Novice: 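Just passing along the structure, written as structure tokens.
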There are 2 protein chains.
Amino acid sequence: MLNQLHITAEDMIQQNGGRATAGRIGILAILLAEQQAMTHREIEQRLPEAVQLDRVTLYRALEWLAGKNLIHKVTSDDRVWRYHANRGVHNTHQHAHFKCMCCAQVICLDALTIERNWHLPTGYRFQEIELTVKGLCADCG
Amino acid sequence: MLNQLHITAEDMIQQNGGRATAGRIGILAILLAEQQAMTHREIEQRLPEAVQLDRVTLYRALEWLAGKNLIHKVTSDDRVWRYHANRGVHNTHQHAHFKCMCCAQVICLDALTIERNWHLPTGYRFQEIELTVKGLCADCG
DNA sequence: AATATAAACGCAACAATGTTGCATGGATTG
DNA sequence: CAATCCATGCAACATTGTTGCGTTTATATT
Ligand SMILES: [Mn+2]
Ligand SMILES: [Mn+2]
Ligand SMILES: [Zn+2]
Ligand SMILES: [Zn+2]
């Protein structure tokens, strides 16, 4: 199962013209296996001993994966980026996120579509939207 | 005009049981005069020579003003808090913001009301929403 | 399989933003 | 005027992320 994800991850990386290093494969496999958006720290901790990476290398690998649209970055009010594997609908970059104000977990809200019946001030141009719903998750609520 | 804002700011501070120091009055007057949400740096630079504050004092004054609901903090993907005076509708904390992806200015979108016809996963509880529309402002677009 | 080479990597140093502890100063109150 | 306590300034620290640069390594080429 996890091994299968490694193969998938390796394929995804090679198909984007990148070198399939143990670090990149391990990171992407972790993100593919996890439903929640993960912080740099959480990813680091879940990496097996055999694939311990330097902090900087981890940042650069995540940046590369995001640039290839294999994962996406999620902003948050705690000044920490979270990363999440792109699956199907995620690629639109128009999905919202939920953040638990108690345990800080972040999940994607795939079903939430944002209506655009509003308008901006004159001269302003829309490009993208960033929506975070905050509250308590099932465990904390 | 700016003097009038100082008097207003002084009133607002005293009515909340705080000491009306030159720093707090100056900060609040600046925020009351400015339409955009301002960063810590921008506020610091606009403070007159006579009211130069320590970085930490400025942070603490902003924290105090936000705690009294005289201003509100705006989160952003650049990891910098912005501050904006509360006026009327702002107090609801349910207004959205626009951020220019070119010049990084942030304004409040008072008119944008967020519809709640969506639902969260089972067990999840809604508390508040954070919405940022991104694009180009009138100057940059 | 050996080699060449550009892409990844590791380390150190740096940068930006914000926080904490603590001693000092000064406004407010009695 | 004295006592109090809120606010301030300074130093040190914390967190997150970035940059420069020399070294290693995955991959293509021979
Ligand atoms: Mn997402
Ligand atoms: Mn606002
Ligand atoms: Zn939770
Ligand atoms: Zn702009």
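Convention: sequence-line order gives letters A, B, ...; per-chain numbering from 1. For clarity, every value in this text was computed on a predicted model and none was experimentally measured.
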Novice: Measure the shortest side-chain to side-chain distance between Leu70(A) and Leu31(A) over non-hydrogen atoms and say whether it is less than 4.5 angstrom.
Specialist: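 The answer is no, as the side chains (C-beta and beyond) never meet within the 4.5 Å cut-off.
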
Novice: Closest-nucleotide mapping onto DNA chain D: is Arg79(B) or Arg55(B) further toward the 5' terminus? I mean the 5' end.
Specialist: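 In this pair, the answer is Arg55(B).
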
Novice: Closest approach of Cys137(A) and Cys100(A), non-hydrogen atoms and distance?
Specialist: N-SG, 3.4 Å

Novice: Per the side-chain hydrogen bond (donor to acceptor under 3.5 Å, both in side chains) rule, what does the pair list look like for residues 8-24 of chain B, sequence neighbours excluded?
Specialist: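 Sorted pair list comes back empty.
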
Novice: Decide whether Met101(B) and Val133(B) are clustered together by the hydrophobic rule: side chain heavy atoms of Ile, Leu, Val, Met, Phe, Trp, Tyr closer than 4.5 Å, transitively.
Specialist: no

Novice: Heavy-atom contacts under 4.0 Å between residues 12-25 of chain A and DNA chain D, which residues?
Specialist: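 Those residues are Gln14(A), Arg19(A), Ala20(A).
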
Novice: Return the set of residues passing side chain to side chain contact (heavy atoms under 4.5 Å, CB included) with Leu53(B) (not counting sequence neighbours), or none when no residue passes.
Specialist: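 Testing Leu53(B) for side chain to side chain contact (heavy atoms under 4.5 Å, CB included), a comparison that skips the adjacent residues, returns Ile27(B), Leu47(B), Thr57(B).
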
Novice: Could you list the residues that satisfy side chain to side chain contact (heavy atoms under 4.5 Å, CB included) with Arg82(B), not counting sequence neighbours?
Specialist: Ala37(B), Thr39(B), Val74(B), Ser76(B), Asp78(B), Val80(B), Lys99(B), Ala104(B), Val106(B)

Novice: What is the bend of the helix from dA1(C)-dT30(D) to dG30(C)-dC1(D) when you compare the axis at one end with the axis at the other, using five pairs each and rounding to 10°?
Specialist: 30°

Novice: Please identify each residue that fulfils side chain to side chain contact (heavy atoms under 4.5 Å, CB included) with Ala96(A), with sequence neighbours left out.
Specialist: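 So Ala96(A) forms a side chain to side chain contact (heavy atoms under 4.5 Å, CB included) with Leu109(A), Leu112(A), Leu131(A).
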
Novice: Do Trp118(A) and Leu136(B) share a hydrophobic cluster, counting only Ile, Leu, Val, Met, Phe, Trp and Tyr and linking them when any side-chain heavy atoms are less than 4.5 Å apart?
Specialist: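 Shared cluster, no.
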
Novice: Give me the first and last nucleotide of DNA chain C, going 5' to 3', that has any atom under 4.0 Å from a heavy atom of chain A.
Specialist: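 Result: dA6(C) to dG18(C).
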
Novice: If you look only at pairs with a residue in residues 24-63 of chain A, which of them pass as a ring-ring contact (aromatic ring centres under 6.0 Å, His included), with sequence neighbours excluded?
Specialist: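 Every ring-ring contact (aromatic ring centres under 6.0 Å, His included) pair that includes a residue of residues 24-63 of chain A, provided the two are not neighbours, is His40(A)-Tyr59(A).
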
Novice: What are the 5'-most and 3'-most nucleotides of DNA chain D lying under 4.0 Å from any heavy atom of chain A?
Specialist: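 Going 5' to 3' along DNA chain D, contacts run dT16(D) to dT27(D).
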
Novice: Could you pull out the closest heavy-atom pair between Trp81(B) and Arg79(A), with the gap in Å?
Specialist: NE1-CD, 4.4 Å

Novice: Check side chain to side chain contact (heavy atoms under 4.5 Å, CB included) between Gln36(B) and all other residues, then give those that pass, not counting sequence neighbours.
Specialist: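 For Gln36(B) the side chain to side chain contact (heavy atoms under 4.5 Å, CB included) partners, ignoring immediate neighbours, are Glu34(B), Gln105(B), Ile107(B).
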
Novice: State, without any angle test, whether Asn86(A) and His72(A) hold a side-chain donor-acceptor pair at a distance under 3.5 Å.
Specialist: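 Per modelled atom types, Asn86(A) and His72(A) side chains form a pair under 3.5 Å.
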
Novice: Mind listing the residues from residues 56-63 of chain B sitting with a heavy atom below 4.0 Å of DNA chain D? Number order is fine.
Specialist: Val56(B), Thr57(B), Arg60(B)

Novice: Roughly how far apart are Ile71(B) CD1 and Met38(B) CE, rounded to 0.5 Å?
Specialist: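 Spacing of CD1 (Ile71(B)) from CE (Met38(B)) equals 11.0 Å.
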
Novice: Quick one: do the His84(A) and His97(A) side chains pair a donor with an acceptor below 3.5 Å?
Specialist: no

Novice: Among pairs that include at least one residue of residues 129-141 of chain A, which meet side-chain hydrogen bond (donor to acceptor under 3.5 Å, both in side chains), considering only residues two or more places apart or in two chains?
Specialist: Asp77(A)-Lys134(A), Glu130(A)-Lys134(B), Lys134(A)-Glu130(B)

